[in-house]
2 protein chains.
Amino acid sequence: MSSTGPDPEPPEATPAPDDVPRPPDVVRRLALLWNPPQPSGRGRRARLTLDDVVAAGIAIADAEGLDALSMRKVATRLGVGAMSLYTYVPGRTELLDLMIDRAFAELDLPSPDASWRDGLAQHARQHWELFQRHPWVLQTNMWRLPLTPHVLDAQEAGLRTLVDTALPPRQVVEIVGLVDAFVRGLARASVAESAERDASGMANDEYWTSMSSFWADHFDPERYPTMLRIWNAGGFDVESASLDVPLERLLDSVEMAIERAR
Amino acid sequence: MSSTGPDPEPPEATPAPDDVPRPPDVVRRLALLWNPPQPSGRGRRARLTLDDVVAAGIAIADAEGLDALSMRKVATRLGVGAMSLYTYVPGRTELLDLMIDRAFAELDLPSPDASWRDGLAQHARQHWELFQRHPWVLQTNMWRLPLTPHVLDAQEAGLRTLVDTALPPRQVVEIVGLVDAFVRGLARASVAESAERDASGMANDEYWTSMSSFWADHFDPERYPTMLRIWNAGGFDVESASLDVPLERLLDSVEMAIERAR
DNA sequence: AGCTATTCACGTACAGCGTATGATAATCTT
DNA sequence: AAGATTATCATACGCTGTACGTGAATAGCT
(Lines give C-alpha, C1' and ligand atoms only; values in the text may rest on other atoms or scores of the structure.)
Protein backbone atom coordinates (compact mmCIF):
# COMPACT_ATOMS: atom_id res chain seq x y z
CA MET A 1 0.00 0.00 0.00
CA SER A 2 2.55 2.57 0.98
CA SER A 3 4.89 3.31 -1.84
CA THR A 4 8.56 2.77 -1.39
CA GLY A 5 11.07 5.22 -2.63
CA PRO A 6 11.04 8.97 -2.89
CA ASP A 7 8.14 10.54 -4.61
CA PRO A 8 8.48 14.20 -5.36
CA GLU A 9 4.86 14.94 -6.04
CA PRO A 10 2.74 14.08 -3.03
CA PRO A 11 -0.58 15.20 -4.46
CA GLU A 12 -0.04 12.70 -7.25
CA ALA A 13 1.79 10.29 -5.00
CA THR A 14 -1.23 8.45 -3.74
CA PRO A 15 -0.83 4.70 -4.05
CA ALA A 16 -2.89 3.56 -6.99
CA PRO A 17 -4.19 7.07 -7.46
CA ASP A 18 -6.56 6.70 -10.34
CA ASP A 19 -8.20 3.35 -9.86
CA VAL A 20 -9.14 4.04 -6.27
CA PRO A 21 -12.79 5.01 -6.29
CA ARG A 22 -13.59 8.09 -4.32
CA PRO A 23 -17.22 7.94 -3.33
CA PRO A 24 -18.77 11.33 -2.82
CA ASP A 25 -19.39 10.55 0.85
CA VAL A 26 -15.70 10.41 1.56
CA VAL A 27 -14.91 13.51 -0.41
CA ARG A 28 -17.67 15.47 1.25
CA ARG A 29 -16.67 14.19 4.66
CA LEU A 30 -13.14 15.42 4.27
CA ALA A 31 -14.27 18.61 2.66
CA LEU A 32 -16.29 19.37 5.74
CA LEU A 33 -13.21 18.97 7.86
CA TRP A 34 -10.75 20.83 5.69
CA ASN A 35 -12.97 23.42 4.02
CA PRO A 36 -15.66 24.34 6.49
CA PRO A 37 -18.53 25.87 4.51
CA GLN A 38 -19.03 29.57 4.58
CA PRO A 39 -22.61 30.79 4.84
CA SER A 40 -23.86 31.08 1.30
CA GLY A 41 -26.02 34.09 2.06
CA ARG A 42 -28.95 32.75 0.15
CA GLY A 43 -31.97 30.96 1.50
CA ARG A 44 -33.19 30.72 5.02
CA ARG A 45 -30.75 31.76 7.73
CA ALA A 46 -29.28 29.09 9.92
CA ARG A 47 -30.09 29.19 13.62
CA LEU A 48 -26.81 27.56 14.56
CA THR A 49 -23.25 27.23 13.39
CA LEU A 50 -21.33 24.04 12.80
CA ASP A 51 -19.26 24.95 15.78
CA ASP A 52 -22.34 25.11 17.99
CA VAL A 53 -23.18 21.55 17.05
CA VAL A 54 -19.66 20.31 17.64
CA ALA A 55 -19.43 22.13 20.95
CA ALA A 56 -22.72 20.64 22.11
CA GLY A 57 -21.50 17.18 21.20
CA ILE A 58 -18.30 17.69 23.16
CA ALA A 59 -20.20 19.00 26.15
CA ILE A 60 -22.36 15.91 26.26
CA ALA A 61 -19.45 13.54 25.71
CA ASP A 62 -17.41 15.27 28.39
CA ALA A 63 -20.24 14.99 30.87
CA GLU A 64 -21.74 11.61 30.10
CA GLY A 65 -19.34 9.74 27.89
CA LEU A 66 -19.52 8.68 24.28
CA ASP A 67 -22.28 6.14 24.75
CA ALA A 68 -24.63 8.86 25.90
CA LEU A 69 -23.94 10.94 22.80
CA SER A 70 -26.88 10.67 20.47
CA MET A 71 -28.05 12.94 17.73
CA ARG A 72 -31.35 13.47 19.49
CA LYS A 73 -29.58 14.49 22.68
CA VAL A 74 -27.36 16.95 20.89
CA ALA A 75 -30.38 18.41 19.14
CA THR A 76 -32.33 18.72 22.37
CA ARG A 77 -29.44 20.51 24.03
CA LEU A 78 -29.45 23.00 21.18
CA GLY A 79 -33.21 23.45 21.32
CA VAL A 80 -33.64 22.06 17.84
CA GLY A 81 -35.26 19.13 16.13
CA ALA A 82 -33.14 16.06 15.68
CA MET A 83 -33.07 16.16 11.92
CA SER A 84 -31.96 19.77 11.86
CA LEU A 85 -28.48 18.61 12.78
CA TYR A 86 -28.14 16.99 9.41
CA THR A 87 -27.96 20.36 7.72
CA TYR A 88 -24.72 20.94 9.59
CA VAL A 89 -23.28 17.45 9.70
CA PRO A 90 -23.72 14.47 7.38
CA GLY A 91 -24.03 12.03 10.26
CA ARG A 92 -22.85 10.92 13.63
CA THR A 93 -19.53 9.65 12.31
CA GLU A 94 -18.61 12.99 10.88
CA LEU A 95 -19.74 14.75 14.03
CA LEU A 96 -17.29 12.58 15.95
CA ASP A 97 -14.53 13.47 13.51
CA LEU A 98 -15.22 17.12 14.08
CA MET A 99 -15.33 16.69 17.83
CA ILE A 100 -11.96 14.96 17.79
CA ASP A 101 -10.49 17.67 15.60
CA ARG A 102 -11.77 20.36 17.93
CA ALA A 103 -10.38 18.55 20.94
CA PHE A 104 -6.97 18.17 19.34
CA ALA A 105 -7.01 21.87 18.54
CA GLU A 106 -6.59 22.46 22.25
CA LEU A 107 -3.11 20.94 22.23
CA ASP A 108 -0.25 23.28 22.97
CA LEU A 109 2.17 21.80 20.50
CA PRO A 110 5.91 21.73 21.19
CA SER A 111 7.96 24.48 19.66
CA PRO A 112 10.29 23.55 16.81
CA ASP A 113 13.11 25.22 18.74
CA ALA A 114 12.89 22.91 21.71
CA SER A 115 15.24 20.00 22.16
CA TRP A 116 13.91 16.69 21.00
CA ARG A 117 13.51 15.56 24.58
CA ASP A 118 11.62 18.62 25.77
CA GLY A 119 9.53 18.55 22.64
CA LEU A 120 8.60 14.90 22.93
CA ALA A 121 7.84 15.29 26.62
CA GLN A 122 5.60 18.22 25.79
CA HIS A 123 3.92 16.16 23.10
CA ALA A 124 3.23 13.36 25.57
CA ARG A 125 2.11 15.59 28.41
CA GLN A 126 -0.22 17.62 26.24
CA HIS A 127 -1.91 14.50 25.00
CA TRP A 128 -2.12 13.18 28.54
CA GLU A 129 -3.90 16.30 29.70
CA LEU A 130 -6.16 16.27 26.69
CA PHE A 131 -7.29 12.77 27.57
CA GLN A 132 -7.98 13.90 31.11
CA ARG A 133 -10.15 16.74 29.87
CA HIS A 134 -11.89 14.69 27.17
CA PRO A 135 -11.81 11.04 28.18
CA TRP A 136 -14.28 10.17 25.45
CA VAL A 137 -11.46 10.54 22.92
CA LEU A 138 -10.05 7.35 24.40
CA GLN A 139 -13.41 5.71 23.86
CA THR A 140 -13.29 6.25 20.12
CA ASN A 141 -12.10 2.80 19.19
CA MET A 142 -10.65 3.67 15.86
CA TRP A 143 -7.88 1.78 14.20
CA ARG A 144 -6.35 5.08 13.39
CA LEU A 145 -7.09 8.64 14.26
CA PRO A 146 -9.17 10.50 11.68
CA LEU A 147 -7.39 12.60 9.10
CA THR A 148 -8.36 15.95 10.50
CA PRO A 149 -6.27 19.11 10.41
CA HIS A 150 -5.45 19.40 14.09
CA VAL A 151 -4.82 15.69 14.51
CA LEU A 152 -2.28 15.94 11.73
CA ASP A 153 -0.86 19.07 13.31
CA ALA A 154 -0.18 17.05 16.42
CA GLN A 155 1.41 14.24 14.43
CA GLU A 156 3.50 16.72 12.48
CA ALA A 157 4.75 18.35 15.64
CA GLY A 158 5.48 15.01 17.28
CA LEU A 159 7.44 13.73 14.31
CA ARG A 160 9.30 16.99 14.01
CA THR A 161 10.78 16.60 17.45
CA LEU A 162 12.76 13.59 16.24
CA VAL A 163 13.18 14.10 12.52
CA ASP A 164 16.42 16.03 12.86
CA THR A 165 18.07 13.51 15.13
CA ALA A 166 20.22 10.71 13.82
CA LEU A 167 17.24 8.35 13.80
CA PRO A 168 16.18 6.91 10.47
CA PRO A 169 12.70 8.04 9.39
CA ARG A 170 11.10 4.70 10.01
CA GLN A 171 12.32 4.69 13.58
CA VAL A 172 10.98 8.19 14.09
CA VAL A 173 7.53 6.96 13.15
CA GLU A 174 7.90 3.94 15.40
CA ILE A 175 8.97 5.92 18.41
CA VAL A 176 6.28 8.56 18.12
CA GLY A 177 3.78 5.77 17.74
CA LEU A 178 5.16 4.09 20.81
CA VAL A 179 4.94 7.27 22.84
CA ASP A 180 1.38 7.84 21.69
CA ALA A 181 0.31 4.30 22.51
CA PHE A 182 2.03 4.59 25.85
CA VAL A 183 0.26 7.81 26.77
CA ARG A 184 -3.08 6.45 25.67
CA GLY A 185 -2.61 3.30 27.69
CA LEU A 186 -1.65 5.14 30.82
CA ALA A 187 -4.42 7.68 30.41
CA ARG A 188 -6.92 4.87 30.04
CA ALA A 189 -5.87 3.45 33.38
CA SER A 190 -5.93 6.85 35.00
CA VAL A 191 -9.33 7.74 33.66
CA ALA A 192 -10.68 4.35 34.66
CA GLU A 193 -10.26 5.19 38.31
CA SER A 194 -12.43 8.25 38.26
CA ALA A 195 -14.84 6.79 35.72
CA GLU A 196 -15.54 3.81 37.91
CA ARG A 197 -16.09 6.04 40.86
CA ASP A 198 -18.53 8.18 38.92
CA ALA A 199 -20.33 5.15 37.58
CA SER A 200 -21.94 4.58 40.93
CA GLY A 201 -22.89 8.18 41.45
CA MET A 202 -19.98 9.77 43.28
CA ALA A 203 -20.56 9.31 46.99
CA ASN A 204 -21.89 5.84 46.57
CA ASP A 205 -19.41 3.24 47.58
CA GLU A 206 -21.63 0.33 46.71
CA TYR A 207 -19.51 -0.17 43.66
CA TRP A 208 -16.39 -0.62 45.71
CA THR A 209 -18.03 -2.87 48.24
CA SER A 210 -19.20 -5.16 45.49
CA MET A 211 -15.81 -4.86 43.87
CA SER A 212 -14.07 -5.87 47.05
CA SER A 213 -16.50 -8.74 47.32
CA PHE A 214 -14.85 -9.98 44.18
CA TRP A 215 -11.48 -10.10 45.84
CA ALA A 216 -13.05 -11.86 48.77
CA ASP A 217 -15.11 -14.31 46.75
CA HIS A 218 -13.09 -15.16 43.69
CA PHE A 219 -9.49 -14.08 44.05
CA ASP A 220 -7.35 -17.14 44.46
CA PRO A 221 -3.95 -16.34 46.00
CA GLU A 222 -2.57 -19.64 44.85
CA ARG A 223 -3.52 -18.95 41.28
CA TYR A 224 -2.17 -15.39 41.37
CA PRO A 225 0.75 -15.36 43.78
CA THR A 226 2.68 -12.73 41.89
CA MET A 227 -0.20 -10.32 41.83
CA LEU A 228 -0.64 -10.88 45.54
CA ARG A 229 3.02 -10.15 46.19
CA ILE A 230 2.96 -6.99 44.14
CA TRP A 231 -0.28 -5.88 45.68
CA ASN A 232 1.10 -6.32 49.18
CA ALA A 233 4.20 -4.39 48.20
CA GLY A 234 2.05 -1.47 47.04
CA GLY A 235 2.89 -1.98 43.39
CA PHE A 236 -0.68 -1.37 42.26
CA ASP A 237 -1.03 1.94 44.08
CA VAL A 238 -2.59 4.84 42.31
CA GLU A 239 0.60 6.76 41.71
CA SER A 240 1.63 4.19 39.17
CA ALA A 241 -0.99 5.68 36.90
CA SER A 242 0.83 8.99 36.90
CA LEU A 243 2.66 10.04 33.78
CA ASP A 244 5.89 11.68 34.80
CA VAL A 245 8.10 8.89 36.08
CA PRO A 246 7.45 6.29 33.40
CA LEU A 247 7.65 8.96 30.74
CA GLU A 248 11.13 9.95 31.77
CA ARG A 249 12.15 6.34 31.64
CA LEU A 250 10.66 6.00 28.19
CA LEU A 251 12.56 9.07 27.04
CA ASP A 252 15.73 7.53 28.39
CA SER A 253 15.25 4.61 26.08
CA VAL A 254 14.64 6.96 23.18
CA GLU A 255 17.86 8.73 24.03
CA MET A 256 19.61 5.40 23.96
CA ALA A 257 18.20 4.67 20.52
CA ILE A 258 19.35 8.05 19.25
CA GLU A 259 22.86 7.57 20.51
CA ARG A 260 23.04 4.13 19.02
CA ALA A 261 21.92 5.50 15.66
CA ARG A 262 24.59 8.15 15.71
CA MET B 1 -32.97 7.69 47.80
CA SER B 2 -29.65 6.06 47.29
CA SER B 3 -30.10 3.62 50.13
CA THR B 4 -30.85 0.68 47.90
CA GLY B 5 -28.57 -1.81 49.52
CA PRO B 6 -27.74 -5.26 48.26
CA ASP B 7 -30.94 -7.22 48.37
CA PRO B 8 -30.65 -10.99 48.45
CA GLU B 9 -34.34 -11.47 47.74
CA PRO B 10 -35.54 -9.61 44.66
CA PRO B 11 -38.95 -11.25 44.08
CA GLU B 12 -40.79 -8.32 45.61
CA ALA B 13 -40.04 -5.37 43.42
CA THR B 14 -39.25 -2.46 45.66
CA PRO B 15 -41.50 0.54 45.02
CA ALA B 16 -39.16 3.05 43.42
CA PRO B 17 -35.67 1.69 43.00
CA ASP B 18 -35.53 2.26 39.30
CA ASP B 19 -35.07 5.99 39.27
CA VAL B 20 -31.72 5.57 40.97
CA PRO B 21 -29.05 4.62 38.45
CA ARG B 22 -27.55 1.59 40.15
CA PRO B 23 -24.09 0.38 39.24
CA PRO B 24 -23.97 -2.73 37.12
CA ASP B 25 -24.41 -5.84 39.16
CA VAL B 26 -20.77 -6.61 39.48
CA VAL B 27 -21.20 -9.53 41.80
CA ARG B 28 -23.47 -11.55 39.59
CA ARG B 29 -21.50 -10.60 36.51
CA LEU B 30 -18.29 -11.89 38.01
CA ALA B 31 -19.95 -14.97 39.41
CA LEU B 32 -20.79 -16.07 35.90
CA LEU B 33 -17.17 -15.72 34.92
CA TRP B 34 -15.61 -17.39 37.91
CA ASN B 35 -18.24 -19.96 38.78
CA PRO B 36 -19.75 -21.13 35.54
CA PRO B 37 -23.06 -22.78 36.41
CA GLN B 38 -23.15 -26.52 36.55
CA PRO B 39 -26.18 -28.15 34.95
CA SER B 40 -28.63 -28.31 37.79
CA GLY B 41 -30.22 -31.50 36.52
CA ARG B 42 -33.70 -30.37 37.22
CA GLY B 43 -36.10 -28.69 34.89
CA ARG B 44 -36.09 -28.65 31.15
CA ARG B 45 -32.83 -29.59 29.43
CA ALA B 46 -30.88 -26.83 27.75
CA ARG B 47 -30.41 -27.01 24.00
CA LEU B 48 -27.11 -25.18 24.18
CA THR B 49 -24.22 -24.64 26.50
CA LEU B 50 -22.78 -21.35 27.62
CA ASP B 51 -19.74 -22.20 25.58
CA ASP B 52 -21.83 -22.56 22.44
CA VAL B 53 -23.11 -19.03 22.89
CA VAL B 54 -19.67 -17.62 23.54
CA ALA B 55 -18.20 -19.48 20.57
CA ALA B 56 -20.93 -18.18 18.28
CA GLY B 57 -20.27 -14.64 19.47
CA ILE B 58 -16.56 -15.01 18.77
CA ALA B 59 -17.22 -16.48 15.33
CA ILE B 60 -19.33 -13.49 14.38
CA ALA B 61 -16.90 -10.98 15.83
CA ASP B 62 -13.96 -12.65 14.09
CA ALA B 63 -15.74 -12.54 10.76
CA GLU B 64 -17.56 -9.24 10.83
CA GLY B 65 -16.19 -7.20 13.69
CA LEU B 66 -17.67 -6.11 16.95
CA ASP B 67 -20.19 -3.72 15.48
CA ALA B 68 -21.88 -6.57 13.68
CA LEU B 69 -22.27 -8.57 16.88
CA SER B 70 -25.87 -8.40 18.01
CA MET B 71 -27.84 -10.69 20.24
CA ARG B 72 -30.25 -11.45 17.44
CA LYS B 73 -27.42 -12.40 15.11
CA VAL B 74 -25.86 -14.72 17.67
CA ALA B 75 -29.24 -16.31 18.27
CA THR B 76 -29.90 -16.78 14.58
CA ARG B 77 -26.53 -18.45 14.12
CA LEU B 78 -27.44 -20.88 16.87
CA GLY B 79 -30.88 -21.52 15.43
CA VAL B 80 -32.57 -20.13 18.49
CA GLY B 81 -34.82 -17.27 19.44
CA ALA B 82 -33.14 -14.07 20.47
CA MET B 83 -34.41 -14.12 24.02
CA SER B 84 -33.21 -17.64 24.59
CA LEU B 85 -29.70 -16.31 24.90
CA TYR B 86 -30.65 -14.63 28.12
CA THR B 87 -30.94 -18.03 29.73
CA TYR B 88 -27.21 -18.39 29.29
CA VAL B 89 -26.00 -14.85 29.58
CA PRO B 90 -27.36 -11.86 31.51
CA GLY B 91 -26.75 -9.49 28.62
CA ARG B 92 -24.50 -8.35 25.86
CA THR B 93 -21.92 -6.88 28.22
CA GLU B 94 -21.42 -10.17 29.99
CA LEU B 95 -21.27 -12.02 26.70
CA LEU B 96 -18.41 -9.76 25.68
CA ASP B 97 -16.64 -10.45 28.96
CA LEU B 98 -16.92 -14.15 28.33
CA MET B 99 -15.72 -13.79 24.76
CA ILE B 100 -12.65 -11.91 25.93
CA ASP B 101 -11.96 -14.49 28.58
CA ARG B 102 -12.20 -17.28 26.06
CA ALA B 103 -9.91 -15.47 23.66
CA PHE B 104 -7.31 -14.91 26.36
CA ALA B 105 -7.50 -18.59 27.22
CA GLU B 106 -5.76 -19.22 23.89
CA LEU B 107 -2.59 -17.54 25.08
CA ASP B 108 0.44 -19.77 25.47
CA LEU B 109 1.79 -18.15 28.60
CA PRO B 110 5.53 -17.91 29.25
CA SER B 111 7.01 -20.57 31.45
CA PRO B 112 8.18 -19.49 34.92
CA ASP B 113 11.53 -21.07 34.16
CA ALA B 114 12.28 -18.82 31.23
CA SER B 115 14.54 -15.81 31.57
CA TRP B 116 12.76 -12.53 32.10
CA ARG B 117 13.61 -11.48 28.59
CA ASP B 118 12.39 -14.61 26.89
CA GLY B 119 9.30 -14.61 29.09
CA LEU B 120 8.41 -11.00 28.39
CA ALA B 121 9.02 -11.47 24.67
CA GLN B 122 6.73 -14.48 24.74
CA HIS B 123 4.12 -12.45 26.62
CA ALA B 124 4.26 -9.72 24.00
CA ARG B 125 4.28 -12.04 21.00
CA GLN B 126 1.42 -14.15 22.25
CA HIS B 127 -0.72 -11.08 22.76
CA TRP B 128 0.30 -9.83 19.35
CA GLU B 129 -0.84 -13.03 17.71
CA LEU B 130 -4.02 -13.06 19.73
CA PHE B 131 -4.89 -9.64 18.39
CA GLN B 132 -4.24 -10.84 14.87
CA ARG B 133 -6.60 -13.76 15.35
CA HIS B 134 -9.26 -11.76 17.16
CA PRO B 135 -8.97 -8.12 16.13
CA TRP B 136 -12.28 -7.34 17.79
CA VAL B 137 -10.55 -7.53 21.15
CA LEU B 138 -8.87 -4.28 20.16
CA GLN B 139 -12.27 -2.85 19.40
CA THR B 140 -13.54 -3.34 22.92
CA ASN B 141 -13.12 0.19 24.06
CA MET B 142 -13.03 -0.54 27.73
CA TRP B 143 -10.99 1.39 30.20
CA ARG B 144 -9.57 -1.83 31.47
CA LEU B 145 -9.78 -5.41 30.51
CA PRO B 146 -12.45 -7.27 32.44
CA LEU B 147 -11.43 -9.15 35.56
CA THR B 148 -11.80 -12.58 34.08
CA PRO B 149 -9.77 -15.68 34.98
CA HIS B 150 -7.70 -15.97 31.84
CA VAL B 151 -7.10 -12.25 31.57
CA LEU B 152 -5.69 -12.35 35.07
CA ASP B 153 -3.69 -15.44 34.17
CA ALA B 154 -2.03 -13.44 31.44
CA GLN B 155 -1.33 -10.55 33.78
CA GLU B 156 0.02 -12.91 36.40
CA ALA B 157 2.36 -14.53 33.92
CA GLY B 158 3.50 -11.17 32.57
CA LEU B 159 4.24 -9.78 35.98
CA ARG B 160 6.00 -12.97 37.02
CA THR B 161 8.60 -12.55 34.31
CA LEU B 162 9.89 -9.44 36.05
CA VAL B 163 9.02 -9.89 39.71
CA ASP B 164 12.24 -11.69 40.58
CA THR B 165 14.48 -9.12 38.96
CA ALA B 166 15.93 -6.20 40.86
CA LEU B 167 13.05 -3.99 39.77
CA PRO B 168 10.84 -2.55 42.49
CA PRO B 169 7.24 -3.82 42.31
CA ARG B 170 5.79 -0.58 41.07
CA GLN B 171 8.21 -0.53 38.17
CA VAL B 172 7.28 -4.09 37.32
CA VAL B 173 3.66 -3.01 36.96
CA GLU B 174 4.68 0.01 34.91
CA ILE B 175 6.83 -1.94 32.53
CA VAL B 176 4.32 -4.70 31.90
CA GLY B 177 1.71 -2.01 31.32
CA LEU B 178 4.05 -0.31 28.90
CA VAL B 179 4.67 -3.52 26.99
CA ASP B 180 0.95 -4.22 26.82
CA ALA B 181 0.13 -0.74 25.59
CA PHE B 182 2.93 -1.03 23.08
CA VAL B 183 1.69 -4.32 21.69
CA ARG B 184 -1.88 -3.09 21.47
CA GLY B 185 -0.83 0.06 19.69
CA LEU B 186 1.26 -1.78 17.17
CA ALA B 187 -1.39 -4.44 16.66
CA ARG B 188 -3.95 -1.75 15.94
CA ALA B 189 -1.81 -0.40 13.15
CA SER B 190 -1.05 -3.85 11.82
CA VAL B 191 -4.67 -4.93 11.85
CA ALA B 192 -5.67 -1.75 10.07
CA GLU B 193 -3.21 -2.56 7.30
CA SER B 194 -4.31 -6.13 6.79
CA ALA B 195 -7.94 -5.20 7.06
CA GLU B 196 -7.61 -2.75 4.24
CA ARG B 197 -5.55 -5.20 2.23
CA ASP B 198 -8.33 -7.73 2.47
CA ALA B 199 -10.76 -7.05 -0.28
CA SER B 200 -13.18 -8.81 2.05
CA GLY B 201 -14.76 -5.49 2.70
CA MET B 202 -14.93 -4.34 6.29
CA ALA B 203 -15.76 -0.68 6.31
CA ASN B 204 -12.09 -0.08 6.82
CA ASP B 205 -10.73 0.39 3.35
CA GLU B 206 -12.76 3.51 3.50
CA TYR B 207 -9.81 4.82 5.43
CA TRP B 208 -7.58 4.29 2.48
CA THR B 209 -9.90 5.85 -0.05
CA SER B 210 -10.29 8.83 2.21
CA MET B 211 -6.54 8.81 2.53
CA SER B 212 -6.10 9.12 -1.18
CA SER B 213 -8.77 11.76 -1.38
CA PHE B 214 -7.01 13.60 1.40
CA TRP B 215 -3.65 13.52 -0.32
CA ALA B 216 -5.13 14.61 -3.59
CA ASP B 217 -7.41 17.36 -2.37
CA HIS B 218 -6.27 18.67 0.96
CA PHE B 219 -2.72 17.79 1.86
CA ASP B 220 -0.73 20.97 2.34
CA PRO B 221 3.02 20.34 2.08
CA GLU B 222 3.75 23.64 3.74
CA ARG B 223 1.64 22.79 6.73
CA TYR B 224 3.09 19.28 7.08
CA PRO B 225 6.67 19.40 5.85
CA THR B 226 7.91 16.77 8.27
CA MET B 227 5.29 14.26 7.28
CA LEU B 228 6.17 14.90 3.66
CA ARG B 229 9.86 14.31 4.34
CA ILE B 230 9.19 11.10 6.21
CA TRP B 231 6.72 9.89 3.62
CA ASN B 232 9.19 10.45 0.83
CA ALA B 233 11.85 8.63 2.80
CA GLY B 234 9.56 5.62 3.13
CA GLY B 235 9.12 6.07 6.85
CA PHE B 236 5.43 5.23 6.73
CA ASP B 237 5.94 1.90 5.01
CA VAL B 238 4.13 -1.19 6.11
CA GLU B 239 7.03 -2.95 7.74
CA SER B 240 6.95 -0.45 10.52
CA ALA B 241 3.90 -2.28 11.80
CA SER B 242 5.86 -5.44 12.44
CA LEU B 243 6.50 -6.46 16.00
CA ASP B 244 9.96 -7.96 16.22
CA VAL B 245 12.36 -5.10 15.74
CA PRO B 246 10.69 -2.51 17.96
CA LEU B 247 10.04 -5.18 20.58
CA GLU B 248 13.72 -6.01 20.86
CA ARG B 249 14.46 -2.35 21.26
CA LEU B 250 11.86 -2.07 23.97
CA LEU B 251 13.34 -5.06 25.77
CA ASP B 252 16.75 -3.39 25.59
CA SER B 253 15.39 -0.46 27.51
CA VAL B 254 13.87 -2.83 30.07
CA GLU B 255 17.25 -4.45 30.45
CA MET B 256 18.73 -1.05 31.05
CA ALA B 257 16.16 -0.34 33.74
CA ILE B 258 16.93 -3.65 35.42
CA GLU B 259 20.63 -3.02 35.47
CA ARG B 260 20.11 0.44 36.81
CA ALA B 261 17.96 -0.95 39.60
CA ARG B 262 20.57 -3.49 40.59
C1' DA C 1 -48.61 -42.55 37.68
C1' DG C 2 -49.57 -38.18 38.80
C1' DC C 3 -48.12 -33.73 40.88
C1' DT C 4 -45.44 -29.94 41.39
C1' DA C 5 -41.32 -27.27 41.33
C1' DT C 6 -37.96 -25.87 38.40
C1' DT C 7 -35.82 -24.67 34.32
C1' DC C 8 -35.65 -23.44 29.46
C1' DA C 9 -37.68 -21.29 25.09
C1' DC C 10 -39.30 -17.45 23.00
C1' DG C 11 -43.33 -14.25 21.06
C1' DT C 12 -44.41 -9.78 21.96
C1' DA C 13 -43.38 -5.22 23.13
C1' DC C 14 -40.94 -1.01 24.31
C1' DA C 15 -37.65 2.55 24.34
C1' DG C 16 -33.88 4.07 22.14
C1' DC C 17 -30.84 4.64 18.13
C1' DG C 18 -29.22 6.68 13.20
C1' DT C 19 -31.20 8.64 9.45
C1' DA C 20 -34.20 8.72 4.59
C1' DT C 21 -37.99 11.20 2.98
C1' DG C 22 -40.70 14.94 2.14
C1' DA C 23 -43.53 18.79 3.63
C1' DT C 24 -43.19 23.56 5.27
C1' DA C 25 -41.15 27.87 6.45
C1' DA C 26 -37.93 31.54 5.84
C1' DT C 27 -34.95 34.26 3.11
C1' DC C 28 -32.35 35.29 -0.88
C1' DT C 29 -32.14 36.99 -6.05
C1' DT C 30 -34.60 38.59 -9.93
C1' DA D 1 -44.44 39.66 -6.57
C1' DA D 2 -42.33 35.38 -8.20
C1' DG D 3 -39.09 31.92 -8.09
C1' DA D 4 -35.03 29.84 -6.27
C1' DT D 5 -32.65 28.34 -2.43
C1' DT D 6 -31.90 26.93 2.02
C1' DA D 7 -33.18 25.48 6.97
C1' DT D 8 -36.37 23.16 10.01
C1' DC D 9 -38.46 19.24 11.57
C1' DA D 10 -42.58 15.48 11.84
C1' DT D 11 -43.01 11.10 10.44
C1' DA D 12 -41.35 6.67 9.64
C1' DC D 13 -38.25 2.54 8.90
C1' DG D 14 -35.22 -0.75 10.41
C1' DC D 15 -32.17 -1.71 13.80
C1' DT D 16 -30.61 -2.39 18.70
C1' DG D 17 -30.77 -4.47 23.80
C1' DT D 18 -33.84 -6.47 26.77
C1' DA D 19 -38.26 -6.62 30.28
C1' DC D 20 -42.23 -9.33 30.66
C1' DG D 21 -45.02 -13.20 30.59
C1' DT D 22 -46.69 -17.43 28.72
C1' DG D 23 -46.04 -22.15 27.63
C1' DA D 24 -43.23 -26.38 27.19
C1' DA D 25 -40.26 -29.78 29.04
C1' DT D 26 -38.16 -32.33 32.72
C1' DA D 27 -36.83 -33.67 37.61
C1' DG D 28 -37.80 -35.50 42.05
C1' DC D 29 -41.52 -36.47 45.34
C1' DT D 30 -45.71 -38.50 46.79
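All values below were derived from every heavy atom in this structure, side-chain atoms included, with hydrogens, water molecules and symmetry-related copies excluded. Within every chain, numbering begins at 1; the chains are lettered A, B, ... in the order of the sequence lines, protein sequences first and strands thereafter.
- Whole-Å rounding puts the B:Glu94 CD to D:dT18 C1' distance at 12 Å.
- Under a 4.0 Å N-O distance rule, the pair B:Asp153/A:Arg223 qualifies as a salt bridge.
- The 5' end of DNA chain D is approached more closely, in terms of each residue's nearest nucleotide, by A:Ser84 than by the other of B:Lys73 and A:Ser84.
- The CG atom of B:Leu50 sits 15 Å away from the C1' atom of C:dC8 (whole-angstrom rounding).
- In this structure, B:Met71 atom CE and C:dC10 atom C1' are separated by 13 Å, rounded to whole Å.
- Between A:Ser70 and A:Met83, the residue anchored nearer the 5' end of DNA chain C, judged by the nucleotide with its closest heavy atom, is A:Ser70.
- Nearest-nucleotide positions on DNA chain C for B:Ala46 and A:Arg42 put B:Ala46 closer to the 5' end.
- In this structure, A:Ile60 places its CD1 atom 15 Å from P of C:dG16, rounding to the nearest Å.
- A:Arg188 places a side-chain N or O within donor-acceptor distance of the main-chain N or O of A:Leu138, the cut-off being under 3.5 Å.
- With the nearest nucleotide of DNA chain D identified for both A:Arg44 and B:Leu69, A:Arg44 has the one nearer the 5' end.
- Protein atom CG of B:Leu85 is 15 Å distant from nucleotide atom C1' of C:dG11, rounded to whole Å.
- No N or O donor and acceptor, one from the side chain of A:Arg45 and one from the base of D:dT8, sit under 3.5 Å apart.
- Using a 4.0 Å heavy-atom cutoff across all strands shown, B:Gly43 reaches at least one base atom of the nucleic acid.
- Considering only the side chain of B:Thr87, C:dC8 comes nearest among C:dT19, C:dC8, D:dT8.
- Annotation: A:Trp34, atom CH2; neighbour count of heavy atoms from other residues, nucleotides and ligands within 6.0 Å is above 12.
- Side-chain atoms of A:Arg72 and base atoms of C:dG16 include no donor and acceptor less than 3.5 Å apart.
- Electrostatic pairing of B:Arg47 and B:Asp52 does not count as a salt bridge here, judged by no charged N lying under 4.0 Å from a carboxylate O.
- Atom CZ of A:Arg92 and atom C1' of D:dC15 are 15 Å apart (whole Å).
- Counting to the nearest Å, the P atom of D:dC9 and the CG atom of A:Leu78 are 11 Å from each other.
- A side-chain donor-acceptor contact under 3.5 Å links A:Gln126 to the backbone of A:Asp108.
- The residue B:Arg47 sits close only to the backbone: its heavy atoms come under 4.0 Å of sugar-phosphate atoms, none of a base.
- Here A:Tyr86 does not reach the OP1 or OP2 of D:dC9: none of its side-chain N or O atoms lies under 4.0 Å away.
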